[in-house]
Amino acid sequence: MLDDLKEAVCQANHQLVARGLISMPWAGVSGITDNRNAFVINAADVACDRLRPTNMVVIDMEGNVVEGDHPPATCAPTHLILYKAFEQVGGVVNTQSPKATAFAQARRVIPCFGSAHARYFHGPIPLTRPPNKREPTEAYEAYTGYSIVECSKDRDPLATPAALAAGQGPFAWGRHAMDAVDNAAALEAVASMAVDTFLLDDRTATLERYVIDVHYQLRHGAVPP
């Protein structure tokens, strides 16, 4: 079973490159085991498009490396915290996709302007608060995870499966590793559309909640409470 998960996470990491979601090495995809006692993540010292299942690193839910010959991606503590907080989530990804990263760097949420956004995300993409002076020096990756949980606390994590880490970049998640990558790709697409919308008219109104509900339901079949 773990071999299957390593293969799935490996292929999901390859998709980060294939879909143009990363331009720098600090990124990665992970997937959690069915019994949620460990997760698999990419190695820090192997490029995503060169990864093989044998390069995967297995980490337990205490954050200990239990299998693997490589150091894990530096984002592993963030992924661990998201798995602990979001029990329905089976895969997590962080990228540097250009437009979503621009929103994170500008410290702006991504508004829901249109139906494409609403079919993937049930409302705006939230933004974390910036770190205080202590948090980055103590455990920056862990702080990032806690801040994402904090800004997503009033949302169904599978209804809005993404967040922007202020000054850092986008994170996305899903029911499994490839689902998380699909959501990361959707996040970049709606971020790009939002940038163009702002350029045309920076006073554009966001979709009404009932319109968001209709489009979300068309794809998912149900609207979260």
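Side-chain atoms are counted along with the backbone in the values below, which use heavy atoms only and exclude waters and symmetry mates.
Checked by atom type, the side-chain pair R19/H14 shows no donor-acceptor distance below 3.5 Å. One side chain, Q168 or T144, offers a donor N or O that lies under 3.5 Å from an acceptor on the other. Under 3.5 Å, the side chains of E7 and Q11 contain a donor-acceptor pair of N or O atoms.
Looking at T160, its side chain never comes within 3.5 Å of a backbone N or O of D156 through a donor-acceptor pair. A donor-acceptor pair under 3.5 Å links the side-chain atoms of N42 to the main chain of A27, judged by distance alone.
Closest approach of G28 to H79, counting heavy atoms only: O-CE1, 3.8 Å. Heavy atoms only, all atoms of each residue included: Y216 and A222 are closest at CE2-O, 3.2 Å.
Applying the 4.5 Å side-chain rule to ILVMFWY residues, one finds that V223 remains a lone member of its cluster. The hydrophobic side chain of L200 is isolated, with no ILVMFWY side chain under 4.5 Å apart from it. Clustering of Ile, Leu, Val, Met, Phe, Trp and Tyr side chains at separations under 4.5 Å places M61 together with I32, F39, I41, V57, I59, V65, L80, I81, L82, Y83, F86, V89, V92, Y146, I148, V149, L158, F171, W173.
Within a 6.0 Å radius of CZ in R36, more than 12 heavy atoms belonging to other residues, nucleotides or ligands are found.
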Side-chain donor-acceptor contacts of residues 103-120 below 3.5 Å, not counting sequence neighbours, with atom names and distances?
from: H117; atom 1: ND1; to: P111; atom 2: O; distance (Å): 3.3
from: H117; atom 1: NE2; to: G123; atom 2: O; distance (Å): 2.7

Quick one: side chains of residues 43-54, donor-acceptor pairs under 3.5 Å with protein atoms, not counting sequence neighbours, listed by atom name and distance.
from: D45; atom 1: OD1; to: H70; atom 2: ND1; distance (Å): 2.9
from: D45; atom 1: OD2; to: H70; atom 2: ND1; distance (Å): 3.4
from: R52; atom 1: NH1; to: R50; atom 2: O; distance (Å): 3.4

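Residue pairs meeting the salt bridge (Lys or Arg N to Asp or Glu O under 4.0 Å) criterion with at least one partner in residues 59-74, sequence neighbours excluded, are K6-E67.
Within the 4.5 Å cutoff, no side-chain heavy atoms of N94 are placed close to those of T78.
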